[in-house]
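See below for the structure under consideration.
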Amino acid sequence: MSQLTHPMESILRMNRMPHIWCPGCGIGTAMTALAEALNKTQIPLDKVAVVSGIGCTGRVAGYVKLDSFHTTHGRAIPFATGLKLANPELKVVVFSGDGDLVAIGGNHFIHAARRNMDIAVFCVNNFTYGMTGGQLAPTTPPPATSTTTPYGAYEQPFNLAHLADSAGASYVARWTVLHIRRLTKSMTEALQKKGFSFVEIICPCPTLYGRRNRIGDGLQEMQFYRDNCIIQHGADTRTIDIKFRDKIVIGKFVDRERPTFLDALNSRLLEALGNRYEPYGKVTENADRN
Ligand code: SF4
């Protein structure tokens with residue numbers, strides 16, 4: 001009898017299964033999209049590094065059979081920046097949650113986008129801090145409740161796509177875990193794009209955000225995405241705030257060319273020093289995986 005194998009076995013650490021995520025959580029689907037996107041790009045897996053911060057999404061780093069790093073809270077992007085600059089041949093992927101990337105790590109996020117650091121950032125946005133107990137996140141849309149805002153959120157949340165766009169990202173998209181094929185395609189594009197690529201992945205957290213806000217289980221949240229998402233490629237990111245239980249605009253919003261951090265560094269030093277300077281980190285295009 002043939003042995004059953006998981007289709008993503010080449011990328012996932014099966015000996016770490018079962019994973020820690022709650023029933024109905026969407027993070028596993030987002031991780032599958034990452035695995036599938038990596039397969040589609042055919043980037044040699046020994047040239048891929050995945051960096052996560054802390055939180056439910058941060059656990060992804062432990063489940064991928066790649067060089068992966070589970071870093072401290074909010075510091076996935078500076079860690080990834082260091083990796084990329086020390087070894088420009090690497091395809092460096094940041095995979096973390098909204099609380100991690102744009103609250104404690106918010107400063108790193110905007111500066112990496114401004115510099116157009118050549119990394120792909122995949123942010124699972126479930127509008128809350130999951131692992132630490134459902135606190136208000138910088139993405140929680142008013143008047144959703146959280147453990148720290150029991151009478152409802154009242155702060156203006158970040159519109160992550162606009163934040164990335166206005167800070168200078170080369171690629172910006174937003175999908176939900178329901179739109180798995182489009183999400184995978186977008187992650188594939190982001191992995192192949194030179195510069196700071198950002199994909200926001202809207203995702204249910206039924207255990208904390210969903211239950212507290214009477215949204216229901218993961219399936220009901222998926223039905224909400226089915227009925228309320230509008231695909232609008234190229235939308236002006238200033239107009240696509242996510243409001244509580246309202247329409248969600250998804251799509252690819254930004255795909256532009258800008259010099260990366262290393263491109264800008266090399267061209268400045270070449271101009272200043274002429275042939276006394278040897279450009280740093282010239283990357284030979286990814287060889288085929290086979
Ligand atoms: Fe997912 Fe929320 Fe459970 Fe964390 S707490 S695993 S985000 S459902």
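Note that this is a predicted model, so its numbers are computed, not measured. Order of listing sets the numbers, starting from 1, for every ligand and every atom in it.
Near Pro206, meaning under 4.0 Å from one of its heavy atoms, ligand 1 places the atoms 8 (S).
Pairs passing the salt bridge (Lys or Arg N to Asp or Glu O under 4.0 Å) check and including a residue from residues 176-190, sequence neighbours excluded, read Lys185-Glu189, Glu189-Lys252.
Within the protein, the number of N/O/S atoms found under 2.8 Å from atom 4 (Fe) of ligand 1 is 1.
A salt bridge is absent between Arg211 and Glu221; no separation between the charged side-chain nitrogens and carboxylate oxygens falls under 4.0 Å.
Residues passing the side-chain contact (heavy atoms from CB on, under 4.5 Å) test with Pro157 are Pro142, sequence neighbours excluded.
Between the side chains of Ser68 and Tyr63, no donor-acceptor pair is found at a separation under 3.5 Å.
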Side-chain donor-acceptor contacts of residues 27-34 below 3.5 Å, not counting sequence neighbours, with atom names and distances?
unit_1: Thr32; atom_1: OG1; unit_2: Gly28; atom_2: O; d: 2.9

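For the ring-ring contact (aromatic ring centres under 6.0 Å, His included) criterion with Phe196, the lone passing option out of Phe261, Tyr171, Phe109 is Phe109.
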